[in-house]
Q: 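Just dropping this structure here.
Residue numbers begin at 1 in each chain, while the letters A, B, ... track the order of the sequences. Remember, predicted model here, so these are calculated numbers, not experimental data.
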Number of protein chains: 2
Amino acid sequence: MDAIDRSLVELLRGNARLSYAELARQVGLSAPAVHERVGKLESGGVIRAYRAEVEPESIGLGVTALIGIVEDSDADTDDVLEAFRQMPEIESCYFMAGVESFLLKARVGTIAELEQLIVRLNRTPGVASTRTGIALSTKWENRPQPIEPVTS
Amino acid sequence: MDAIDRSLVELLRGNARLSYAELARQVGLSAPAVHERVGKLESGGVIRAYRAEVEPESIGLGVTALIGIVEDSDADTDDVLEAFRQMPEIESCYFMAGVESFLLKARVGTIAELEQLIVRLNRTPGVASTRTGIALSTKWENRPQPIEPVTS
DNA sequence: ACACTCCGTGGACGCCATCGACCGGAGCCT
DNA sequence: AGGCTCCGGTCGATGGCGTCCACGGAGTGT
């Protein structure tokens, strides 16, 4: 993970569809060298995936909610997690410090669907209570921040 | 935005680096047809960007926090937003219903940096108070959910 | 029926991805 | 020091891909 690798990661975070040839020009290596480096970043787990970022409304997901979860004192956290994993509406899941063990980011089409999701969450074994906040608008999301040149 | 467009969006959400030729095979069209459709999805704002998803720890961003912001009663929301926009640590920014006007997802390298960020947030004109939750671990993030075949 | 538009196909051509061969420097053993 | 090995790069070749363009059929309004 040297300076060139960091440049490659930064370039691909900005535009995942850059060709190897273009990446090579940007970092001053040959295309095969870049190909190999990127391959290692992928198999080494640094690059997890390449995703198109889509306007949620246009795929029928206009409602974004952030939901805090309080667990029962005797809950099995792994089971709760597994239940959440089965709910495709939950796009992100953080295990948090604090009273609320989890914070979920969920996306649904309508408020009615959100209601159903919350009911399902509250019914989930191990879940004591939920607290839902609705995002009225998303100002930005997953903005990549420039990589600080830390020598590691 | 027909069924084929939805397939293309779904394929690219799963893997943004698929070639046009491969997309074409998957949806049963020719490569130029796919090229044109994807171009229209991009310029029409449906596809906003293509990003590599990176393991945050490996780029020195091991600490994730979710921060709720309460505004002063006389705050100018646009100014507050603009101040947030200047802080690269803030990866996502949602305008929320409820007492906390904003919910921010921030990523920093260390707890010390988080402390500095919180201080800066509290000093920001228009910000009355902040409430920070620390993510101990990220179970998953930005998992794409399958597109429901809504006819719109 | 005609013309127009939209959206696709097929062909062509230059660039790109990817493989294999080669090469030079770093580290190490003798 | 000399030489071995390994790592990681360049170079060259080739098959596939991206992308432009000309063409054609379905649907539509006049």
Q: In Å and rounded to the nearest 0.5 Å, what is the OG to CG distance from A:S129 to A:L121?
A: 11.0 Å
Q: Do A:T77 and A:V80 come close enough that some side-chain heavy atom pair is under 4.5 Å?
A: no
Q: To the nearest 0.5 Å, what is the distance between CZ on A:F102 and OG on B:S137?
A: 8.0 Å
Q: Tell me which residues in residues 38-55 of chain A put a heavy atom below 4.0 Å from DNA chain C, sorted by number, or none.
A: none
Q: Please table the atom pairs, donor to acceptor, closer than 3.5 Å between any side-chain atom in residues 16-24 of chain A and protein atoms at least two apart or in another chain.
A:
from: A:R17; atom 1: NH1; to: B:A16; atom 2: O; distance (Å): 2.6
from: A:R17; atom 1: NH1; to: B:L18; atom 2: O; distance (Å): 2.8
from: A:R17; atom 1: NH2; to: B:L18; atom 2: O; distance (Å): 3.2
from: A:S19; atom 1: OG; to: A:E22; atom 2: N; distance (Å): 3.0
from: A:E22; atom 1: OE1; to: A:R25; atom 2: NE; distance (Å): 3.2
from: A:E22; atom 1: OE1; to: A:R25; atom 2: NH2; distance (Å): 3.0
from: A:E22; atom 1: OE2; to: A:Q26; atom 2: NE2; distance (Å): 2.9

Q: Pick one: which of B:L104, B:T124, B:N122 meets side chain to side chain contact (heavy atoms under 4.5 Å, CB included) with B:I69?
A: B:L104
Q: Applying side-chain contact (heavy atoms from CB on, under 4.5 Å), run through A:R13 and A:I147 and close with a yes or a no.
A: CA-CA 10 Å; A:R13 284 219 297 173; A:I147 298 177; 4.2 Å; yes
Q: Got a sec, which hydrophobics cluster with A:Y94, joining ILVMFWY side chains under 4.5 Å apart, including via others?
A: A:L66, A:M96, A:L103, B:L66, B:Y94, B:M96, B:L103
Q: Without placing hydrogens or testing angles, list every side-chain donor-acceptor pair under 3.5 Å for residues 40-49 of chain B, not counting sequence neighbours.
A:
from: B:K40; atom 1: NZ; to: B:E36; atom 2: OE2; distance (Å): 3.3
from: B:E42; atom 1: OE2; to: B:Y50; atom 2: OH; distance (Å): 2.5
from: B:S43; atom 1: OG; to: B:G39; atom 2: O; distance (Å): 3.1

Q: Out of B:E57, B:E141, B:E55, which residue meets the salt bridge (Lys or Arg N to Asp or Glu O under 4.0 Å) rule with B:R107?
A: B:E141
Q: Please identify which of these residues, A:Q116, A:R120, A:K105, meets the side chain to side chain donor-acceptor pair (under 3.5 Å) condition with A:E89.
A: A:R120
Q: For a 4.0 angstrom threshold against heavy atoms of chain B, report the outermost contacting nucleotides of DNA chain D in 5' to 3' order.
A: D:dC17 to D:dC20
Q: Using a 4.0 Å heavy-atom cut-off, write out nucleotides 10-23 of chain C from 5' to 3' as B (base contacted by protein), S (sugar-phosphate only) or - (no contact).
A: BB----SSBB----
